[in-house]
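See structure below.
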Amino acid sequence: MASATVTRAHLAEAVYREIGLSRNESADLVETVLREVSMSLARGESVKISSFGSFSVRQKGARVGRNPKTGEEVPILPRRVLVFRASNVLKSKINESMAAARPGDPDASGG
């Protein structure tokens, strides 16, 4: 399976093709949306995008970890981590595309 990465440029190009804004306006729109999502998450707010999923920030407490090479215990400081939870609609689309890519494969349906 070939792996492709969607970039800001790809998103801006899609806006340009679908909406008809200029390429510069499309890039500005993508940047504005991503900046707003980032700023909301930095403030500790959740971001929910219908039919896509939700992003939230979770606080993780301090703990003791272990260096896998040396076995030495290392303190891990408290931190905030980004969590993404896909919507059921997105999960279904992903599984449908997987099943379509491998017709007749019982594992492709996810069941």
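Only a predicted model underlies this, so the values are computations on that prediction, with no experimental measurement involved. Just so it is clear, the values below take in all heavy atoms, side chains as well, and ignore hydrogens, waters and symmetry mates.
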CZ of R80 to CZ of R58: how many Å apart, nearest 0.5 Å? 13.5 Å
Scanning both residues in full, the closest heavy-atom pair of Q59 with P78 reads NE2-CB, 4.0 Å
Tightest non-hydrogen contact, residues L29 and L21, listed as CD2-CD1, 4.1 Å
Got a sec: does the CZ of R79 have more than 12 other heavy atoms crowding it under 6.0 Å? yes
Quick one: closest heavy-atom pair of V30 and V15, and the distance? CG2-CG2, 4.1 Å
Hydrogens and angles aside, do R43 and S40 bring a side-chain donor and acceptor to less than 3.5 Å of each other? yes
Around K91, counting heavy atoms of other residues, nucleotides and ligands shown, do more than 12 lie under 6.0 Å from its NZ? yes
Side-chain heavy atoms under 4.5 angstrom apart, residues restricted to Ile, Leu, Val, Met, Phe, Trp, Tyr: same cluster for F55 and I94? yes
Single-linkage hydrophobic cluster V33~I19, side-chain heavy atoms < 4.5 angstrom: yes
Contact summary for S87 and S51, nearest pair of heavy atoms: OG-C, 3.2 Å
Is atom CG of N67 surrounded by more than 12 heavy atoms (other residues, nucleotides or ligands) closer than 6.0 Å? yes
In chain order, what residues pass the side chain to side chain donor-acceptor pair (under 3.5 Å) check against T7, with sequence neighbours excluded? H10
Say whether F52 and V47 are linked into one hydrophobic cluster, either directly or through other cluster members, by side-chain heavy-atom distances under 4.5 angstrom. yes
Measuring only between side-chain heavy atoms, which start at C-beta, is K48 closer than 4.5 Å to R85? no
Among all residues two or more places apart in sequence or in another chain, which pass the side chain to side chain donor-acceptor pair (under 3.5 Å) test with R8? E31
Is there a path of hydrophobic side-chain contacts, each under 4.5 Å between heavy atoms of I, L, V, M, F, W or Y residues, that connects L41 with I49? yes
Is there a path of hydrophobic side-chain contacts, each under 4.5 Å between heavy atoms, that joins F84 and V37? yes
Output the distance between atom OG (S38) and atom CG (L82), rounded to the nearest 0.5 Å. 9.0 Å
